[in-house]
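What follows is one structure encoded as structure tokens, with my remarks underneath.
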2 protein chains.
Amino acid sequence: MEAQTNQNYQSPIVTIDVVLLTLSDNGLQVALHQRKQSPYEHQLALPGGYIHTNEDESAEKAAFRVLNQKTGLIPRYLEQLKTYANTSRDPRGWSVSISHVALIPMSALKQAEKEVFQFFDVDNLPTMAFDHQLQIQDAVERVRNKSSYSTLPCWLLPELFTLTQLQQTYEKIFGESVSRGTFRSRLGIKVGDAIPGESADEAEILIATDQFKGGNQRPARLFKVNHLKLFKRACWS
Amino acid sequence: MEAQTNQNYQSPIVTIDVVLLTLSDNGLQVALHQRKQSPYEHQLALPGGYIHTNEDESAEKAAFRVLNQKTGLIPRYLEQLKTYANTSRDPRGWSVSISHVALIPMSALKQAEKEVFQFFDVDNLPTMAFDHQLQIQDAVERVRNKSSYSTLPCWLLPELFTLTQLQQTYEKIFGESVSRGTFRSRLGIKVGDAIPGESADEAEILIATDQFKGGNQRPARLFKVNHLKLFKRACWS
DNA sequence: TAAATAGTGTCTATTAGACACTATTAA
DNA sequence: TTAATAGTGTCTAATAGACACTATTTA
């Protein structure tokens with residue numbers, strides 16, 4: 001901060017935006033809604049809004065509130081993406097948008113959310129308001145990148161999931177498949193070692209539960225994610 | 001963006017900060033200066049300031065201007081780090097700081113810059129204003145992380161550098177050393193293939209020049225960095 | 001017992017990295 | 001010729017990944 005006082009310059013508009021991603025059979029999809037007012041009235045846009053300085057503690061909390069407000073939606077994962085701050089992104093002038101990425105499993109989407117949002121494949125985007133197309137591209141790049149060396153994709157699944165579901169999640173994100181054995185050794189999963197009920201080891205990437213998912217075949221053990229764990233090396237393209 | 005208009009909420013203060021890093025014999029160092037006014041008067045702080053909406057095109061340009069303004073300093077590398085936006089980071093209330101990381105080689109620092117800034121080892125920081133300690137920790141984490149799978153450390157060196165200098169740069173960032181052969185094969189350098197003067201291949205990580213650095217021994221070929229190139233796999237801890 | 005999916009061990013091709021050997025300069 | 005650093009080839013240990021084998025459920 002420097003000697004210059006704030007008063008000498010027009011304060012820019014500050015908003016937050018959220019790139020809410022979910023995973024369909026075809027890959028990643030983004031949630032868009034139709035704007036109700038100018039600018040870009042009736043155009044597709046990301047959910048977003050102003051920071052409420054009287055109630056929001058932080059930008060992340062504001063992003064959470066904006067998502068939650070319309071439909072009661074609670075994302076499984078939310079982090080700051082990047083701030084878009086320049087003179088040209090909003091026709092009204094200098095504007096700042098603190099953008100976020102949020103993840104939610106398709107299965108967790110309620111009817112209300114399906115009515116408010118339309119979902120689009122991230123690799124085939126419609127035209128939309130502001131720099132939202134750029135924000136989505138950056139968000140997808142971040143998610144793909146981070147997924148290549150971490151457990152981030154776990155947050156695109158329900159709290160409990162099988163290793164096959166997780167493998168399919170990675171495969172859909174990257175559009176690339178590997179053998180079951182390879183996938184499991186990448187995770188460093190030693191299911192035999194898993195002592196369900198024991199206190200979760202911080203070093204474990206996934207926590208094995210003592211629950212199983214049934215079907216017309218051998219039941220699969222259900223896992224849950226421990227922390228956002230970074231692998232030693234990148235595993236996916 | 002939602003129906004809510006800006007007028008209903010007090011607009012937060014918006015500033016930019018810059019974590020300017022350089023590399024000394026002991027590792028990464030950060031540039032700090034003493035604040036001249038309240039809040040945190042006389043305390044150490046990162047360079048930063050308000051966005052000048054009438055002259056700054058973007059947050060990055062504002063960060064560049066703030067660095068450049070006091071001493072004429074031009075960083076070799078500048079990117080957005082993260083935005084710190086909450087109710088508690090500034091005693092004056094809700095505030096937004098769009099933080100940036102900048103890199104400059106020690107050898108490029110002019111006398112003016114050495115008079116304005118004090119340099120501190122990033123692993124042994126003094127107490128300082130606002131959340132600047134957190135910003136520096138995040139910046140160092142970003143630089144270490146990105147350096148582990150990219151050519152980012154090239155921007156801590158002058159435009160032309162030898163492979164040994166580059167290896168020492170990586171080693172100082174990570175505090176870990178490898179053999180020369182290992183380092184070169186990590187970069188995928190095929191110096192024999194280098195045809196100096198030929199048009200730079202986009203795929204090349206480094207461009208070999210036809211210049212050499214002398215000394216009392218076999219001269220070393222000088223290289224320059226092509227683009228910020230990501231390796232296929234992480235190479236450093 | 002057949003079908004279906006889960007879980008694991010083995011074997012091989014690739015790669016990472018240490019080391020040693022050669023190269024090129026100044027003194 | 002010696003000292004000093006640059007550049008490269010080789011050999012080995014570690015690893016990634018395909019494949020096949022075993023396990024466990026329902027019908």
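All of these numbers come straight from a predicted model, not from anything done at the bench. Reminder, nothing fancy here: chain letters follow the sequence lines and each chain counts from 1.
Note on residues 146-163 of chain B: pairs passing salt bridge (Lys or Arg N to Asp or Glu O under 4.0 Å), not counting sequence neighbours, are Glu79(B)-Lys146(B). Contacts classified as salt bridge (Lys or Arg N to Asp or Glu O under 4.0 Å) and involving residues 124-133 of chain B (residues at least two apart or in different chains) are given here: Arg89(B)-Asp131(B).
Legend: residues meeting side chain to side chain donor-acceptor pair (under 3.5 Å) with Asp121(A), ordered by chain and number and at least two apart, are Gln29(A). Every residue two or more places apart in sequence or in another chain that forms a side chain to side chain donor-acceptor pair (under 3.5 Å) with Gln167(A) is listed here: Glu171(A). Shown here are the side-chain contact (heavy atoms from CB on, under 4.5 Å) partners of Ala112(B), two or more places apart in sequence or in another chain: Thr71(B). Remark: Asp123(B) engages Arg144(B) in a side chain to side chain donor-acceptor pair (under 3.5 Å) (not counting sequence neighbours). Take Lys61(B) and apply the side chain to side chain donor-acceptor pair (under 3.5 Å) test, not counting sequence neighbours, and it matches Glu57(B).
For the residue pair Asp17(A) and Ser97(A), a side-chain donor N or O sits within less than 3.5 Å of a side-chain acceptor on the partner.
Between Leu187(A) atom CG and dG7(C) atom P the separation is 12 Å, expressed in whole Å. Residue Leu222(A) contributes atom CG, which lies 11 Å from atom P of dA6(C) at whole-angstrom precision. When the C1' atom of dT5(C) is taken as reference, atom CZ of Arg221(A) falls 16 Å away, rounded to whole Å. Phe183(B) has its CZ atom 16 Å from the C1' atom of dT8(D), to the nearest Å. Atoms NZ (Lys213(B)) and P (dT24(C)) sit 19 Å apart, rounded to a whole Å. Here dG7(D) presents its C1' atom at 15 Å from CG of Leu206(B), a figure rounded to the nearest Å. Atom CD of Gln211(B) and atom C1' of dA6(D) are 17 Å apart (whole Å). Between Leu166(B) atom CG and dA6(D) atom C1' there is a gap of 15 Å when expressed in whole angstrom units.
Comparing the axis of the opening five pairs of the helix from dT1(C)-dA27(D) to dA27(C)-dT1(D) with that of the closing five pairs yields an angle of 10°, rounded to 10°.
In this structure, Thr162(B) reaches neither bases nor backbone, as no heavy-atom distance under 4.0 Å exists between it and the strands shown.
Here Phe223(A) and Phe161(A) keep their ring centres 6.0 angstrom or further from each other.
Here Arg184(B) does not reach the OP1 or OP2 of dT8(D): none of its side-chain N or O atoms lies under 4.0 Å away.
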Do nucleotides 11-26 of chain D as a string where each nucleotide becomes B, S or -: B if the base has a protein heavy atom under 4.0 Å, S if just the sugar-phosphate does, - if no protein is that close.
------BB----BBBS
